[in-house]
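Here is how names work: the chains are called A, B, and so on, in the same order as the sequence lines, proteins then strands, and each is numbered from 1.
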Amino acid sequence: MTSYRTHSCGALRREHVGQTVFLQGWVHRVRNLGGVTFFDIRDRHGLTQVVARAGDALTQAGKLRPEFVVAITGTVEARDAAVVNTKIATGEVEVVATGIELLNEAKTPPFAINEDTAVSEETRLRYRYLDLRRPALQRNLILRHNVSIAARKYFDSEGFLEIETPILTKSTPEGARDYLVPSRVHKGEFFALPQSPQIFKQILMIAGMDRYFQICRCFRDEDLRADRQPEFTQIDVEVSFATEELIYSIVEGAIVAMWQAAGHTVATPFPRMSYADAMRRYGSDKPDLRPGMEISDVSELFRESAFSVFKDAVSAGGVVRGFVVKGAAGYSRKDLDGLTEQAKQLGAGGLVWVRLAQGALQSSALKAAGEAPLRAAFEACGGVEGDLLLLTSGEETKVATWLGTLRLIVARKEGLLKGDDFRFVWVTEFPLFEWNPDEKRWDSMHHPFTSPQPDDVPLLETNPGQVRARAYDLALNGSEIAGGSIRIHQPDVQRHAFRLLGISDEQAAARFGFFLEALEYGTPPHGGIAFGLDRIVALLCEESSIREVMAFPKTAQAVDLMAGSPSTVDDRQLRELHIATTGK
RNA sequence: GGGGUCGUAGUUCAGUUGGUUAGAACGCUGGCCUGUCACGCCAGAGGUCGCGAGUUCGAGUCUCGUCGGCCCCGCCA
């Protein structure tokens, strides 16, 4: 076998009839009828049926098993109308084999590659190279490729330069845990893998690169989730002289291009919502706009009510909030008890339901509260005949997140979360700081290079918790798919920000000294954003885990089941790196 | 670190109140078969019931521990 294939396994059509072709691929499925053997040959482009009718070809075909690698020489023939296979693109023709060369045998695979059957994820990850042969992952990785290429073309056409930044870089104790790499040359010293290229991209702005992007791997040593892997891919973007409006329009253009690459049309501009609004109306900083079901505040209706649970919550400075589920008055007692139980598991004291059925108001709190305030709340939240209202009370931020979570549970139950309904929303005006109760200090909500809103600068000293940042996230269907900010470009403001975060000038100099120094040399105002490419592709593929759009993902315990990493290393390697381990 | 859930043949699963020799489908092996395309028919092989203790006359089944997959909380600037 010294020739290359003349066609892929998905290429042959009626127009090729009569041609002699040479195909290479995997045996997909064999149908041995005795005097004639049919089999399908597969590559990532498709399937082609091969017929072996006589002679050596028939003998060879009889030895074939699924996943054997073969080279076929043969003639393309049209199939009779009665035996056209409309399920495959090449189904109007077949290749009559004159030669079948076995290029490689294959062990019987641990799961079927030739059918789309359920297999445990553990087995799929152990034999990832076999899972990757199956259509589902092939489709996902092809779509990922198309989206990446579309993003590259878009940013190139908008005048961005793709510039690589170091993988071996410097540890910065803020934020996520770093993956560390010991230095052989410098005893006892370590590189860190980048959590993001944040400082480097800002330095590229200082360096006059103007518009930078990079499709880059980022590393964070934190616990995993369905949408979080220890290494993941960002489309990292930074722009000099940027305003929020410029970033929004650049990002919206990129989203249009990426969605177009996946076959979808996206309307811009995207709606915007402040962080405060998002938390109040959706109980989330990445609101899912698909199900409606906005959260309403009805605290005032219960301030003087007979219902002590709500009344006490309000007088203690808390809130009473809830949302209406359209047409859900028919929920069974079991459904409602289940929701109440879920609310309690989230930490809520309980859940009050109110419904209007055949004109009669029913509620779990009817006796305790009386009808009037419950009816008022029901109407205030937009409830009509046939609807169900779910209410709870307590401290404001807790109530918001309880209801935010419950809202998504109900929306899923109601089938209101369609995967191909893309509802983008900008979330803006994030708080600059959040209180860290363990350390008893303010932490950056985004990162320490984020600029405050100019109007809020006077609050920096007096009321840091009220300072809004020039930070923004792009949320899609309850996922954060991009996040960024306008950065601090004045060195004195940056030093001040570090001090507010409890980072002394000495610490700042040790960790970020090179950056603070760079800021002194004529830094343009700048800002940027980073897209979570894995999450974007997962949403486009309607996959619930980013593992389904990564070629070689890790398990929830951060293990690569195929490669068997992480693993121990030779003592010699450790000695060379000046490393001693403390054992398990 | 915590909570939930799952682990039985190569794969996906069933397995009753704890009771004889742990089943099915697909796959696999052998045989037959000249128009199949999830080919068909016949026969067969295949199990440390994740692992380790314990309870019991007896454990796939009950208890404890442990390992692993998945989901969530914490964590993720």
Side-chain angles (χ1 to χ4, degrees), chain A residues 28-41 47-54 58 61-62 65-67 77 79-88 90-91 94 96 107-127 130-131 172-178 195-196 198-199 218-230 232 342 345-347 401 405 408-409 430-434 436-438 442-450 469 471 480 483-485 497-498 501 503 511-512 530 532 544-545 547 553-557 559 561:
Chain A
H28 186 68
R29 197 181 282 280
V30 182
R31 294 174 292 279
N32 185 341
L33 276 65
V36 62
T37 293
F38 298 91
F39 62 94
D40 302 313
I41 179 173
L47 285 176
T48 300
Q49 174 163 280
V50 180
V51 197
R53 289 207 183 101
L58 184 61
R65 299 289 178 272
E67 304 313 313
E77 290 192 3
R79 298 205 205 180
D80 288 342
V83 293
V84 164
N85 185 347
T86 53
K87 292 179 201 161
I88 57 176
T90 61
E94 61 194 2
V96 179
K107 290 167 73 174
T108 300
F111 53 86
I113 286 65
N114 57 17
E115 42 191 276
D116 189 23
T117 49
V119 184
S120 76
E121 189 157 3
E122 192 169 0
T123 306
R124 292 175 52 209
L125 289 169
R126 164 86 176 75
Y127 299 96
L130 297 179
D131 200 20
T172 55
E174 285 71 31
R177 285 185 203 90
D178 286 321
Q195 296 176 24
S196 83
Q198 184 60 35
I199 291 179
C218 301
F219 306 85
R220 295 179 188 174
D221 186 6
E222 295 293 345
D223 288 340
L224 290 80
R225 288 286 188 279
D227 64 348
R228 279 170 22 198
Q229 285 269 311
F232 61 99
Q342 302 212 51
Q345 278 173 12
L346 294 169
T401 54
T405 305
L408 293 179
I409 290 170
F430 276 79
L432 187 61
F433 302 111
E434 60 188 341
N436 181 334
D438 295 331
W442 294 101
D443 279 346
S444 296
M445 192 155 186
H446 186 53
H447 57 51
F449 315 108
T450 304
E480 178 198 330
S485 62
F498 283 140
L501 293 167
I503 301 170
R511 295 174 197 171
F512 308 111
S544 54
S545 165
R547 290 187 302 277
K554 292 176 178 58
T555 69
Q557 300 303 313
V559 166
L561 290 177

Q: Verify the stacking flag for A:Phe38 against B:rU36: centroid separation must be under 5.5 angstrom and the ring planes must differ by under 30 degrees.
A: yes
Q: Confirm from the modelled atom types if A:Arg228 and B:rC75 form a donor-acceptor pair under 3.5 Å, side chain to base only.
A: yes
Q: Name the nucleic acid region contacted by A:Glu94, choosing base, sugar-phosphate or nothing; use a 4.0 angstrom heavy-atom cut-off, strictly under.
A: base
Q.
Just to be sure I understand the rule, does A:Arg547 reach a base, reach only the sugar-phosphate, or reach nothing, if contact means heavy atoms closer than 4.0 Å?
A. sugar-phosphate
Q | Candidate nucleotides B:rC70, B:rC39, B:rC37, ranked by approach to the side chain of A:Arg29 - the nearest | A | B:rC39
Q. B:rU36 and B:rC41: how far apart are their C1' atoms, nearest whole angstrom?
A. 15 Å
Q. Of the nucleotides B:rU11, B:rG69, B:rU36, which one has an atom closest to the side chain of A:Val559?
A. B:rG69
(Q) Under 4.0 Å, heavy atoms only, any strand: does A:Thr450 hit a base, just the sugar-phosphate, or nothing? (A) nothing
Q: Would you state whether a donor and an acceptor, one from the side chain of A:Arg65 and one from the base of B:rG27, lie under 3.5 Å apart?
A: no
(Q) Using the P atom as the point on both nucleotides, what is the distance between B:rC33 and B:rC42, in whole Å? (A) 16 Å
Q.
Looking at A:Arg177 and A:Asp221, is there a salt bridge between them, counting it only when a charged N and a carboxylate O are closer than 4.0 Å?
A. no
Q. How is A:Gln557 classified with respect to the nucleic acid when contacts are heavy atoms under 4.0 Å: base, sugar-phosphate, or nothing?
A. sugar-phosphate
**Q.** Same-atom distance (C1') from B:rG47 to B:rC62, integer angstrom
**A.** 22 Å
Q) Side-chain donor or acceptor of A:Arg31 under 3.5 Å from a matching atom on the base of B:rC33? A) no
Q: Could you check A:Lys87 against A:Glu122 and say which one's nearest nucleotide on RNA chain B is further toward the 5' end?
A: A:Lys87
Q) Going by heavy atoms in the side chains, are A:Asp40 and A:Arg31 under 4.5 Å from each other? A) yes
Q) What interatomic distance, in whole Å, is found between C1' of B:rU8 and the corresponding atom of B:rA59? A) 14 Å
